[in-house]
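Counting begins at 1 with the first residue of the sequence. Values in this document were obtained by computation on a predicted structure and should not be read as measured data.
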Amino acid sequence: MATNNIDRIVLGSGKLYYSEYDNEIPNDETLETDDNILGLIQGGATLEYSPTFYTATDDFGLVEKTILTAEEAKFKTGIITFNSNTLAALCATAKVTETDTVRTVKIGGIGNENKKLYVLHFVHEDAVDGDIRVTIVGKNESGFSLAFAKDKETVVDAEFRAAPHDSDGTRIIYKEEIKSAA
């Protein structure tokens, strides 16, 4: 018999996987490989969902009607391990070239926008309560900064805006494993 996990406490961070979006979200096993890790995370990750409502009411406040008019979803995280390919996934105008000894990323030029979307797949592992997976399709729309300090690691902060990716307008897929009661 499965439990409802109402008493689940989520502790810890997770791993962030990615792949280029090609009108289909790959299954978990395909995404969750070392080759698909965008970078290891520092500072955890945050999923935000923000609905916008409009309420119409009469002048006396006797009747009202509220409708959902818009919604936005974002996934934010700090990436502590990265390279030029990571930066290319975070920047719509990045172009990476590589030789045997040097990988170069050129960033900039509005005309260079690649219009790519990515599948971002976050996995929080929990052996006790069950793993949690959050998947969105989107792209980083916050830019990035690289701070090189003598006494602190460089972390790239990313903010991915989720796009609707199916005929229902789905922006977030949140899956949690349900552990059986012992």
Side-chain angles (χ1 to χ4, degrees), residues 1-32 36 38-39 41-79 86 89-93 110 113-126 128-145 155-181:
M1 168 120 197
T3 66
N4 64 8
N5 287 57
I6 193 95
D7 55 351
R8 175 188 291 236
I9 296 174
V10 180
L11 295 173
S13 187
K15 292 182 180 175
L16 182 60
Y17 301 90
Y18 82 113
S19 70
E20 194 170 322
Y21 180 64
D22 191 21
N23 295 319
E24 185 175 320
I25 295 176
N27 65 35
D28 295 345
E29 294 77 24
T30 301
L31 283 168
E32 295 170 20
N36 290 337
L38 182 61
I41 292 174
Q42 184 188 62
T46 304
L47 176 66
E48 296 178 355
Y49 173 78
S50 303
T52 301
F53 292 93
Y54 173 76
T55 300
T57 184
D58 73 295
D59 289 345
F60 299 105
L62 300 174
V63 295
E64 70 178 30
K65 183 175 186 176
T66 301
I67 61 169
L68 178 67
T69 60
E71 57 187 354
E72 184 174 57
K74 292 181 181 178
F75 185 82
K76 300 177 183 181
T77 192
I79 301 169
T86 310
L90 297 177
C91 181
T93 62
I110 293 171
E113 181 184 5
N114 61 27
K115 302 192 185 325
K116 290 181 182 178
L117 291 175
Y118 294 92
V119 175
L120 287 306
H121 182 73
F122 177 79
V123 180
H124 166 79
E125 294 179 352
D126 187 328
V128 175
D129 292 327
D131 298 346
I132 295 173
R133 289 172 169 79
V134 175
T135 306
I136 68 166
V137 172
K139 61 183 174 182
N140 179 39
E141 291 188 355
S142 69
F144 62 86
S145 63
V155 177
V156 182
D157 290 323
E159 181 178 301
F160 297 95
R161 183 181 168 279
H165 61 267
D166 63 17
S167 61
D168 292 329
T170 304
R171 292 176 187 263
I172 300 168
I173 299 172
Y174 180 95
K175 293 192 297 189
E176 61 185 11
E177 290 180 350
I178 300 171
K179 293 285 188 172
S180 296

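If you take NE2 on H165 and CD1 on I172, they are separated by 10.0 Å, rounding to the nearest 0.5 Å. Expressed to the nearest 0.5 Å, how far CD of Q42 lies from CG of D157 amounts to 9.5 Å. To the nearest 0.5 Å, the span separating CD on E177 from CD on E125 amounts to 9.0 Å. Between L11 atom CG and D126 atom CG the span is 7.5 Å, to the nearest 0.5 Å. Atom CD of E48 and atom CD of E72 lie 8.5 Å apart (nearest 0.5 Å). Between I136 atom CD1 and I173 atom CD1 the span is 10.5 Å, to the nearest 0.5 Å.
Heavy atoms only, all atoms of each residue included: Y21 and E24 are closest at CE1-N, 3.4 Å. Closest approach of V63 to T57, counting heavy atoms only: O-OG1, 2.9 Å. Closest heavy-atom contact between L120 and Y18: CD1-CB, 3.8 Å. Annotation for S13 and G44: closest pair OG-CA, 3.6 Å, computed over non-hydrogen atoms. Scanning both residues, A89 and Y118, for their nearest heavy atoms gives O-CE1, 3.6 Å. Considering every non-hydrogen atom in both P26 and V119, the closest pair reads CD-CG2, 4.1 Å.
Judged as a side-chain contact (heavy atoms from CB on, under 4.5 Å), and not counting sequence neighbours, the contacts of N27 are E29, T30. Judged as a side-chain contact (heavy atoms from CB on, under 4.5 Å), and not counting sequence neighbours, the contacts of D28 are E32, H121, R133, K175.
For T52 (side chain) and T69 (main-chain N/O), no donor-acceptor pair under 3.5 Å exists by modelled atom type.
For L68, the CG atom sits in a packed shell: over 12 heavy atoms of surrounding residues, nucleotides or ligands are nearer than 6.0 Å. The local environment of CD1 in I9 is sparse, with at most 12 non-hydrogen atoms from other residues, nucleotides or ligands closer than 6.0 Å.
At a threshold of 4.5 Å between non-hydrogen side-chain atoms, the residues N140 and E159 count as touching. Side-chain contact between I25 and V137 is present, with heavy atoms from C-beta onward closer than 4.5 Å. Put simply, the side chain of T86 does not reach to within 4.5 Å of the side chain of V156, judged on heavy atoms. Within the 4.5 Å cutoff, side-chain heavy atoms of F160 are placed close to those of L38.
Residue pairs that meet the ring-ring contact (aromatic ring centres under 6.0 Å, His included) test with at least one member in residues 49-78, sequence neighbours left out, are F75-F122.
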